[in-house]
Amino acid sequence: MTETVMNLRGLKCPLPTLRVKKKLSGLQSGDLIVAECTDPLAAIDIPNLLRQTGDTLEDKAEANGVMTFRIRKK
């Protein structure tokens with residue numbers, strides 16, 4: 001299993017979600033993405049994407065204006 005950190009800071013909707021979706025498509029089951037976003041809409045868009053794909057949001061945290069999503073590939 002691999003862990004990939006994605007720096008999506010400064011990107012505006014829909015780019016963070018589209019890049020997470022593209023990265024997920026190339027991962028194997030059990031792999032982890034740590035997506036760091038500054039766009040407030042990512043708090044809505046990324047969980048919605050994961051409901052569609054069936055992948056798991058393991059954790060969501062926010063500090064200093066940066067949201068961090070820990071996403072596990074199904």
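Being a predicted model, the structure only gives us computed values, none of them experimental. Computed from heavy atoms alone, side chains included, the values below leave out hydrogens, waters and symmetry copies.
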Please report the interatomic distance [atom1]([X]) to [atom2]([Y]), rounded to the nearest 0.5 Å.
X: Asp59; Y: Thr68; atom1: CG; atom2: OG1; value: 8.5 Å
X: Thr17; Y: Gln52; atom1: OG1; atom2: CD; value: 10.0 Å
X: Met1; Y: Lys73; atom1: CE; atom2: NZ; value: 14.5 Å

Open item on the list: Show the nearest heavy-atom pair for residues Glu62 and Gly65, with the distance to one decimal.
Closed with: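 For Glu62 versus Gly65, the nearest heavy atoms are OE2-CA, 4.3 Å.
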Does some side-chain heavy atom of [Y] sit less than 4.5 Å from a side-chain heavy atom of [X]?
X: Ile71; Y: Leu24; result: yes
X: Arg70; Y: Glu3; result: yes
X: Leu8; Y: Arg19; result: yes

Task: Verdict with reasoning, Glu58 to Leu32, per side-chain contact (heavy atoms from CB on, under 4.5 Å) - done: CA-CA 9 Å; Glu58 290 190 343; Leu32 184 73; 3.8 Å; yes
Open item on the list: I'd like to know if the side chain of Thr2 reaches the main chain of Asp31, judged simply by a donor and an acceptor atom lying under 3.5 Å from each other, with no hydrogens or angles considered.
Closed with: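 Checked: no pair found.
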Task: Main-chain N/O of Asp55 paired to Thr53 side chain as donor or acceptor, under 3.5 Å - done: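 Side chain of Thr53 to backbone of Asp55, a donor-acceptor pair under 3.5 Å: yes, one is there.
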Validation: residues 33-50 side-chain donor-acceptor distances under 3.5 Å, sequence neighbours left out:
from	atom 1	to	atom 2	distance (Å)
Glu36	OE1	Arg9	NH2	3.1
Thr38	OG1	Gly10	N	2.7
Asp39	OD1	Leu41	N	3.2
Asp39	OD2	Cys13	N	2.6
Asn48	OD1	Arg51	NH2	2.3
Asn48	ND2	Ile44	O	3.2

Task: Residues Met6, Lys23; criterion side-chain contact (heavy atoms from CB on, under 4.5 Å); working and verdict - done: CA-CA 9 Å; Met6 299 181 69; Lys23 180 59 86 173; 3.8 Å; yes
